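Input: a single structure, listed below in structure tokens.
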Amino acid sequence: MRLSRYFLPLIKENPSEAQIVSHRLMLRAGMIRQSSAGIYSWLPLGFKVLKKVEAIVREEQDAAGAQELLMPTLQPAELWRESGRYEDYGKEMLRIKDRHERDMLYGPTNEELITDIFRGAIKSYRDLPKTLYHIQWKFRDEVRPRFGVMRGREFLMKDSYSFDIDAAGAKISYNKMFLAYLRSFARMGLRAIPMRADTGPIGGDLSHEFIILAETGESAVFCDPAWLEADILASAVDYDADLEPFFRKWTQLYAATDEKHDPAECAVPADKLVTARGIEVGHIFYFGTKYSQPMGATVAGPDGAQVAVEMGSYGIGVSRLVGAIIEASHDDAGIIWPASVAPFAVGLVNLRAADAKCVAACDALYAKLQAAGFDTLYDDREESPGAKFAAMDLIGLPWQIVIGPRGVAAGTVELKNRATGERAELSADAALQKLGAAA
Ligand code: 5CA
């Protein structure tokens, strides 16, 4: 993509409305624009990242055996009256009347709707287990939407729902999601720590929040320092294996939010305990028959008797993750994208857009980069070198290749790694090779 044609409205000054770094950087890097409080448009650069985060989440859900569907954003109130949550949910739920005066709502979550779909289709234990998910916009009329996409009113969530014949089956489904979550976040370059959590309006008695450590996190957290060394992706993955040992391994290290923190239960000495702030990027729940019972989601068991199915639900804040990744990975100059979610792999900078030789060298390398499959943002604008460097650092692509008159004369380009700041002068082909080796 040529930057001269790209819709990338960068902002030089720090926007006064943004209190935290990810919000500031997302506005400055032209990723999002607010349309009303807590509601954002995703501009091309931001949307690309959102799609990459979504793709990782989808791959891991599919690998864990979950099946994707798509439920609507608007739901009928009658389903929520069946579960009893229509009244309970309070002002966070956006209630709407259609032209026939029917009560509708913009879904804040989907337990009722998925339970309705399930009960209409599945009648026998032989068709279990099933885990279904979708990636869909949600609306919660938060009292204080803040921190940009981190606490929005409209936000993109991946929500999965598991259905099992009994509690033992439900725990297997829970464990699969537990593993899929750890892997999803690790693939985005995040260390997300599962912590025992309260279940709030979703209900149930087994629940984990997945929390990444960041100074601007909304909750205080405490964890074993061993968490900081944990390498999730090092373990082999077999979703069909018994995942209970895996679950135990990753839940025995102490980790708790301040609501659940109990010094009496914590084996880590106080001076070793990591005390930090955290951002919740995912939350999983096992709530048994909380919805299946009142909504009549039953199947025939092996002995023919009707059994209310055991359910769990599993949420990931897809849009929140974009902000959370920035909170975890930035410096004074801007964003530092992990390669897996970077909007482009490479930024190619022409230092002298009015110089025919520079243009020819850049155009040639741009063509090679594209042919080699590197999604490249090519800064072909007539701007000062300072402005170009600042823009590239701000948007945080993993690699920058800079071509100027001096390099053209010497037959070299400058390759810069955004994360380490390391620079090297080398031939264009050597730069391509290095990118290939790093990919
Ligand atoms: N039904 C369950 C699981 S599917 C549920 O709704 N869980 S939740 O309330 O914990 O939300 C799941 C995830 O959505 C959270 O972990 C968080 O990452 C994200 N999320 C929740 N509220 C917001 C919000 N206002 N803005 C952005 N992300 C949010």
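Please read these numbers as outputs of a predicted model, since none were measured by experiment.
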Residues 260-272, side-chain donor-acceptor partners within the protein, below 3.5 Å, at least two apart:
residue: K260; atom: NZ; partner: D198; partner atom: OD1; Å: 3.3
residue: H261; atom: ND1; partner: Y254; partner atom: OH; Å: 2.8
residue: D262; atom: OD1; partner: A264; partner atom: N; Å: 3.0

Go through it in stages, so that I can follow the logic: the residues are S160 and Q61, the test is side chain to side chain donor-acceptor pair (under 3.5 Å), and I'd like the CA-CA distance, side-chain angles, deciding distance and then a yes or no. CA-CA 9 Å; S160 315; Q61 288 295 302; 2.8 Å; yes
Residues that K123 engages under salt bridge (Lys or Arg N to Asp or Glu O under 4.0 Å), provided they are two or more places apart: none
Applying salt bridge (Lys or Arg N to Asp or Glu O under 4.0 Å), can you list everything that pairs with R33, at least two apart in sequence or on another chain? none
Answer yes or no: is there a side-chain heavy-atom contact under 4.5 Å between [X] and [Y]?
| X | Y | result |
| --- | --- | --- |
| P72 | L113 | yes |
| W42 | S319 | yes |
| W250 | I232 | yes |
| E414 | V349 | no |
| Y291 | D116 | no |

Would you mind writing out the side-chain donor-acceptor pairs for residues 14-25 within the sub-3.5 Å range, not counting sequence neighbours?
residue: S22; atom: OG; partner: E327; partner atom: OE2; Å: 2.6
residue: H23; atom: ND1; partner: G148; partner atom: N; Å: 3.4

Side-chain donor/acceptor pairs under 3.5 Å, residues 239-246, sequence neighbours excluded:
residue: Y239; atom: OH; partner: E60; partner atom: OE1; Å: 3.4
residue: D242; atom: OD1; partner: E244; partner atom: N; Å: 3.0
residue: E244; atom: OE1; partner: K171; partner atom: NZ; Å: 2.9
residue: E244; atom: OE1; partner: N175; partner atom: ND2; Å: 2.7
residue: E244; atom: OE2; partner: K171; partner atom: NZ; Å: 3.2

Expected output: side-chain K158 to main-chain Y314 donor-acceptor under 3.5 Å: yes
Parallel, tilted or perpendicular for F139 and Y106, by the 30°/60° rule? tilted
Is the charged tip of R95 near the ring of Y86: under 6.0 Å from the six-membered ring centre and within 45° of its axis? yes
Hey, is E78 close enough to R81 for a salt bridge, meaning N to O under 4.0 Å? no
Rounded to the nearest 0.5 Å, what's the gap from CD1 on I395 to CG on L3? Could you check? 7.0 Å
CG of D62 to CD of E68, rounded to nearest 0.5 Å, is 6.5 Å
Side chain to side chain donor-acceptor pair (under 3.5 Å) partners of S184, counting only residues at least two apart: none
